[in-house]
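All remarks here apply to the structure that follows.
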Amino acid sequence: MENKLRQILDHCIDTGSEKDLAALAHVLEGFQNKIDNDYTQYIDGLLHMERKIDKEKKTCEITVPLNAVWNNSLDIVHGGVTATLLDTTMGTVVNAILPEGYVAVTNQLNIHYIAPGIGDTLHCKAEIIHHGSKTMIIEGEIYRSDGKKIAHATGTFFIIQKLA
């Protein structure tokens, strides 16, 4: 596996444009951060997530730097990346306040895309708007670095017992 990875990496370095190499460096730094235990999940490392959780206010905020890796063919952030950031931020706040032995999983995610994801960073905020015994409803918003809102979402999360 190591030889194959070295061959791929060497080929990319030898033939990639400056834009390709910057994107590759971003991805590799994310993997390095995951491997060095700065992040618990690969997606957190790949997106270079900076997280702030306020359990008392029942909110979470995540900021990510933008990189060409996450862009679609229009050279704006892919809608799936926007959805991933919303789902992660909303799920983080839910799971942060649940008692030991319980977790929450996404049941439904409704996203309204408002503006293109461009700029230097995306900043997502999420807060719990309903906390029932079996479900929670969360609201989330993403803003780009110029302050423009790019997406608004609501999500329903099932509360379940953690599997042993």
Side-chain angles (χ1 to χ4, degrees), residues 1-2 4-6 8-9 12 20-72 76-113 117-129 131 134-145 150-164:
M1 179 57 83
E2 283 185 34
K4 182 177 181 174
L5 287 172
R6 288 184 202 287
I8 293 168
L9 185 57
C12 290
D20 294 333
L21 295 178
L24 179 60
H26 186 82
V27 170
L28 290 175
E29 288 166 1
F31 264 86
Q32 182 179 14
N33 289 336
K34 163 60 174 93
I35 290 167
D36 292 343
N37 294 316
D38 293 338
Y39 297 100
T40 58
Q41 299 174 36
Y42 287 108
I43 194 71
D44 296 5
L46 288 173
L47 292 175
H48 298 255
M49 292 182 180
E50 292 182 23
R51 226 180 274 249
K52 289 193 297 187
I53 301 168
D54 187 327
K55 290 182 183 181
E56 188 175 300
K57 292 181 182 177
K58 297 180 181 179
T59 62
C60 178
E61 296 183 33
I62 296 178
T63 301
V64 298
L66 293 184
N67 185 279
V69 172
W70 317 126
N71 289 353
N72 63 19
I76 60 175
V77 174
H78 191 284
V81 173
T82 302
T84 297
L85 182 55
L86 283 160
D87 188 50
T88 301
T89 308
M90 296 163 81
T92 297
V93 70
V94 170
N95 283 294
I97 67 156
L98 288 176
E100 182 78 27
Y102 289 88
V103 295
V105 294
T106 309
N107 173 42
Q108 184 175 6
L109 184 62
N110 302 302
I111 303 170
H112 298 274
Y113 295 93
I118 56 174
D120 298 322
T121 61
L122 293 181
H123 181 78
C124 187
K125 300 177 183 180
E127 68 177 317
I128 298 170
I129 57 176
H131 185 171
K134 300 201 185 299
T135 62
M136 286 191 195
I137 300 173
I138 316 302
E139 186 172 53
E141 299 176 321
I142 297 183
Y143 296 86
R144 59 191 194 196
S145 49
I150 71 158
H152 178 93
T154 56
T156 304
F157 289 74
F158 279 133
I159 301 168
I160 60 174
Q161 273 193 299
K162 207 179 232 183
L163 300 174

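The basis for the numbers below is simple: all heavy atoms, side chains too, and nothing from hydrogens, waters or symmetry mates. Bear in mind the structure is a predicted one, so any value in this text is a computation, not a measurement.
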*In chain order, what residues pass the ring-ring contact (aromatic ring centres under 6.0 Å, His included) check against Phe31, with sequence neighbours excluded?*
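Once residues adjacent in sequence are excluded, the partners of Phe31 under the ring-ring contact (aromatic ring centres under 6.0 Å, His included) criterion are Tyr42.
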*Partner set under ring-ring contact (aromatic ring centres under 6.0 Å, His included) for His48, not counting sequence neighbours*: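 Partners of His48 by the ring-ring contact (aromatic ring centres under 6.0 Å, His included) criterion, ordered by chain and then number, come out as His26.
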With rounding to the nearest 0.5 angstrom, report the [atom1] to [atom2] distance, [X] to [Y].
{"X": "Ile97", "Y": "Lys58", "atom1": "CD1", "atom2": "NZ", "result": "4.5 Å"}
{"X": "Glu50", "Y": "Glu61", "atom1": "CD", "atom2": "CD", "result": "11.5 Å"}
{"X": "Met136", "Y": "Asn95", "atom1": "CE", "atom2": "CG", "result": "8.0 Å"}
{"X": "Ile43", "Y": "Thr84", "atom1": "CD1", "atom2": "OG1", "result": "5.5 Å"}
{"X": "His152", "Y": "Ile111", "atom1": "NE2", "atom2": "CD1", "result": "11.0 Å"}
{"X": "Leu46", "Y": "Lys34", "atom1": "CG", "atom2": "NZ", "result": "10.5 Å"}

Which heavy atom of [X] sits nearest to which heavy atom of [Y], and what is that distance?
{"X": "Gly140", "Y": "Met90", "answer": "N-CE, 4.2 Å"}
{"X": "Gly45", "Y": "Tyr39", "answer": "CA-CD1, 3.4 Å"}
{"X": "Leu21", "Y": "Cys12", "answer": "CD2-O, 3.6 Å"}
{"X": "Leu86", "Y": "Cys124", "answer": "CD2-SG, 3.7 Å"}
{"X": "Cys60", "Y": "Val93", "answer": "CB-CB, 3.7 Å"}
{"X": "Thr89", "Y": "Leu85", "answer": "OG1-O, 2.8 Å"}

When you look at [atom1] of [X], are more than 12 heavy atoms from neighbouring residues, nucleotides or ligands closer to it than 6.0 Å?
{"X": "Tyr102", "atom1": "OH", "value": "no"}
{"X": "His78", "atom1": "NE2", "value": "no"}
{"X": "Asp120", "atom1": "CG", "value": "no"}

So do the side chains of [X] and [Y] get within less than 4.5 Å of each other, counting heavy atoms only?
{"X": "Gln41", "Y": "Thr88", "value": "no"}
{"X": "Leu66", "Y": "Thr121", "value": "no"}
{"X": "Asp87", "Y": "Phe157", "value": "yes"}

*Would Leu47 and Val81 satisfy side-chain contact (heavy atoms from CB on, under 4.5 Å), going step by step from the backbone distance to the final call?*
CA-CA 9 Å; Leu47 292 175; Val81 173; 4.2 Å; yes
*Of all residues at least two apart in sequence or in a different chain, which pass the side chain to side chain donor-acceptor pair (under 3.5 Å) check with Ser145?*
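For Ser145 there are no side chain to side chain donor-acceptor pair (under 3.5 Å) partners, ignoring immediate neighbours.
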*Quick one: do Ile128 and Ile137 satisfy side-chain contact (heavy atoms from CB on, under 4.5 Å)? Show the steps, please.*
CA-CA 6 Å; Ile128 298 170; Ile137 300 173; over 6 Å; no
*Can Ile159 and Lys134 be said to form a side-chain contact (heavy atoms from CB on, under 4.5 Å), step by step?*
CA-CA 5 Å; Ile159 301 168; Lys134 300 201 185 299; 5.6 Å; no
_Criterion side-chain contact (heavy atoms from CB on, under 4.5 Å) on Thr82 and Trp70, from CA distance to verdict_ = CA-CA 9 Å; Thr82 302; Trp70 317 126; over 6 Å; no
